[in-house]
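A, B, ... follow the sequence lines: proteins, then strands. Residue 1 opens every chain. All figures in this text were calculated on a predicted structure; none of them were measured in a lab.
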Amino acid sequence: MNSVPDTLEEFISQEYQHGFETLIDADEIPRGLSEDTVRLISARKNEPDFLLQWRLDAFRRWLKMTPPTWSNVHYPPIDYQDIIYYSAPRSQKDGHKSLEEVDPELLKTYEKLGIPLHERAILAGVAVDAVFDSVSVATTFKDKLAEVGIIFCSFSEAVQHHPDLVRQYLGTVVPVQDNFYAALNSAVFSDGSFVYIPPGVRCPMELSTYFRINAKNTGQFERTLIIADQGASVSYLEGCTAPMRDENQLHAAVVELVALDDAKIKYSTVQNWYPGDKEGRGGIYNFVTKRGDCRGARSHISWTQVETGSAITWKYPSVVLRGEESVGEFYSVALTNHRQQADTGTKMIHIGKNTRSTIVSKGISAGYGQQAYRGLVRVARSAIGARNHTQCDSLLLGDRCQAHTYPYIEVKNNSATVEHEASTSRIGEDQLFFCRQRGIDTEDAVSMIVNGFCKEVFKELPMEFAVEAQKLLGVSLEGSVG
Amino acid sequence: MLSIDNLQASVADKPILRGISLEIKAGEVHAIMGPNGSGKSTLSNVLAGRENVRVTGGKVTYRGKDLLAMEVEERAREGVFLAFQYPVEIPGVGNVYLLKAALNAQRKHRGLPELDAMDFLALVKDKMKLMEMNESMLYRAVNEGFSGGEKKRNEILQMAVLEPHLSILDETDSGLDIDALKIVANGVNSLRSPERSMILVTHYQRLLDYIQPDFVHVLAGGRIVRSGGPELAHELEREGYAWIGDAQSQTVAAQ
Ligand SMILES: Nc1ncnc2c1ncn2[C@@H]1O[C@H](COP(=O)(O)OP(=O)(O)OP(=O)(O)O)[C@@H](O)[C@H]1O
Ligand SMILES: [Mg+2]
C-alpha cells in the first residue's frame, strides 16, 4: 500500500563487503574434538604443562555441560565433531617475527580489508594484532610499546615469554566452567591478543586486534586477556570479518579484562562477521563471553560495541564492579537484518561501595531480523550507594522484524539507585517522507535517522572506528556542522 | 506555476479527492479552506508525492513538468515545499544537520556548489533572526521536545532556508499564539515574490489578515465547491460551511 518498506528494503539489502576468500596453504588438524585434539593444539603451540592441564580440566567440564537454552536465538544443534579446531597458514607455522616475514598473501588480505599492516601505512596511533584463523600473523608497533613497558602480543607469544602473567590472570575473570561456550573456548582456544600495561602507564596509542576467519569448516576460538595495572590506561579496538560461505561457522571467543586500582580499560568492538545470505544460509555463530573485572578501587571498564554481522550473536559484555567507586559502562549498537538473530546485552555486578554503571543499548532490526536486549543489573548487599542507569532503545525498519527487551534487576541493598528506561520506535514512513520532502533521498534519510538513533553510542567510539561504524550502517558522517 | 486538472485520489481504497482543478500562476497566493476531513491535507500530500495517496485520475503540471511522475525528493529539489500539519520528530538528528543536508541536496540538483559550514551557518542564522528563533534550536534534534508552536515555526524556517518556488502550508497557523502567528506570517511574506507561489491551507481568517491571498477556495467532500477573492474568507468566517450541503447537491445534480 505504501512503498516505504520497499525503499527501506533496498537500503537494507546491501551486500556484504568482506566476503572474499584468501587461498592459502593451511596447516589444519583433523576434524573432531577429543582429549587428543586438546593435547594436539597445546603441543602445536608448545605450551607449558600448566596450560595443558588447564585446557584438559576445561574440556572435561565441558563434556558435562549443555548449551544454554534461555536465549532467544534458534539454530539447529551444532555437531562439535564436524569442526576443525586448529587451522594456521602454513607459512606462519613458526610464529612471526617481523612484518617482512609475513606471507604477502596475508598482508594483501588485510590490505583488502582496509587494515594495512605495514607500520608506515598504518593510521598514526593504532597498533594492530592481526589474527588469521587460529593464529596471530602480525603485531605492529610492538617494540615502540615495549619501550614504555607495555606488552602487546599474540596470546601464544605471551604464553612463551610471559607465562607467569598468563598463569596469574588467565581464567580469573571468566572461569573455565562459566558457561558452555567459555568452557569450549578454554579447552581449544588457539590464539588471540595479550596486553599488559604496567603501573602508571597510559598507553600512547590505540591497540587493536583484527580477527579474520578464512578457512572452511573451522571454528575460531580466540582468547584475549588485557591487564591494566594500577593507574594504567588503555583503549583497545577489535574488528572482525569472514568470507561468505553457505555453512555456518562457529566463533566462540573469550575476552577477559582486569583493571587494578585507578586503572582504565576502554574496549571497543566493531563486529562484522559474515551474517549469512538473505535467506539465512551460512554466516557466523558468534557466541562470545566478554567480561571485565574492576578489581581495584576507582577502576573503570567500558565496553562499546557495534554489532552488525553474524548469523547469530549471543554476547553479554559484562563488568564485575568489585573495587570501591569503580565504574562500568556498556554502549551498544546491534543491527539485525534479513534472518539475523541477536541476543545481546550486558551484566553489571555491583559488589564494591559507591560503584556506578551505565548501560546504553540501541537495537536496530530490519528485514526479518530478530533481536533481544538482555541485561542484568545486580547490586549485592555490600554495594552501598551503588548506582545504575540503563537506557535501552529499539528501532524497527519495516514490519517483519522484532525487538524484545529483558531487563533483570536484582537489588539487595536499599541505598542503591537503579533506573531503567526503554523505548521502541519504528522508522516511520512519516520521518522518511519528511526528509525526502526536504530533498534528501531515501538512502541518506534512513542513514540519517539510524545515525541519529545511535549517536550516544558512536560518540563513545574512537574516531577511526566511529567512521567505520557509521559506514557499516550505511551511514554518512553526521556532525560536520555543530 | 501549477496546474491541477481533474485530480482524483484515494487513500486506503477510499476516494478522497473527487476531481480537483486549480490554476496557480507565479506570484499568486491561494488559500484553501474547508471542513475537517474534506481532503485538504490529502491534496497537499498528493502534490508532495506521499505514497499512501493513490492517484486515480487527472493530471498535475508543475513548471511545465508532469509533477505526478516525479519522486518525492525530486519534487522537493524542483522547488515544491510542504509545511506539515503535524511535523515529525527525528531523535538524534540535529536540526542544523538536516537543514544543511536538505539545502545541499537541493543545490546539487540545481548545479550549484554545496555550501560549506561557515556560509551555511551564516545563512541559517540570518533566517532564524527573521523567525525570531533562538539559535540553540539549531543544535537540538529535529522537532524533538519542541512545543507545537515551535515545530510550526521550524517548518517555516526550513522554507525560508530552502526558498521554494511552490510552498504548500498545511495549517501552519494552527497552534500558534498571536505573536507567533505574526512572526510566521512575516516569514512567509518575506518569501512572497513574483516568482513564487503559495497554497495556504487554513481554517481561520486570522492568518489571511496577515497574508493576503489572491484567491480563496473552499474544498468540501473532495471537490472545490466555491472559489472567490479574499472576501470569501470573511464570508466563511461569518457563515461557516452550512451552505455546502446545498452547493454539493447542486454540483451533483448539475453533473
Ligand atoms: N490512511 C487513511 N486511511 C483512511 N482514511 C484516511 C487516511 N488518511 C486520510 N483519510 C481520510 O481522508 C479524508 C480527508 O482527510 P484529510 O486529512 O485530507 O482532511 P483535511 O481536510 O486535511 O482535514 P483537517 O481539516 O481535519 O486537517 C478524511 O476523511 C480522512 O479520515
Ligand atoms: Mg488537514
Quiz item: chain A contacts: which residues in residues 67-85 of chain B have a non-hydrogen atom closer than 4.5 Å to it?
Solution: B:Glu71, B:Val72, B:Glu73, B:Ala76, B:Arg77, B:Val80, B:Phe81, B:Leu82, B:Ala83, B:Phe84

Quiz item: Is it the backbone or the side chain of A:Phe453 that comes under 4.5 Å from a heavy atom of chain B, or both, or neither?
Solution: backbone

Quiz item: In terms of heavy-atom proximity below 4.5 Å to chain A, should B:Val142 be classed as side chain, backbone, both, or neither?
Solution: side chain

Quiz item: Just how far is it from atom CG of A:Asp444 to atom CG of B:Asn104, taken to the nearest 0.5 Å?
Solution: 11.5 Å

Quiz item: Pick from B:Leu162, B:Leu98, B:Leu138: which one has the most heavy-atom pairs with chain A under 4.5 Å?
Solution: B:Leu98

Quiz item: Hey, is CZ on A:Arg356 packed in by over 12 heavy atoms from elsewhere, all under 6.0 Å?
Solution: no

Exercise. Count the heavy atoms belonging to other residues, nucleotides or ligands that lie under 6.0 Å from CZ of B:Arg192, then report whether that count exceeds 12.
Key: yes

Quiz item: Quick one: CD on A:Gln437 to CD1 on B:Ile168, what's the gap to the nearest 0.5 Å?
Solution: 7.0 Å

Quiz item: Looking only at heavy atoms, what is the nearest atom pair of A:Arg438 and B:Ala102, with distance?
Solution: O-CB, 3.3 Å

Quiz prompt | Enclosure of A:Lys264 NZ (heavy-atom neighbours >12, cutoff 6.0 Å) | solution = no

Quiz prompt | Backbone of A:Phe433 reached by a side-chain donor or acceptor of B:Glu51 within 3.5 Å | solution = no

Quiz item: Do A:Phe434 and B:Glu89 touch side chain to side chain, with heavy atoms closer than 4.5 Å?
Solution: no

Practice problem: Can you tell which part of B:Ile90 gets under 4.5 Å to a heavy atom of chain A, answering side chain, backbone, both or neither? | Solution: both

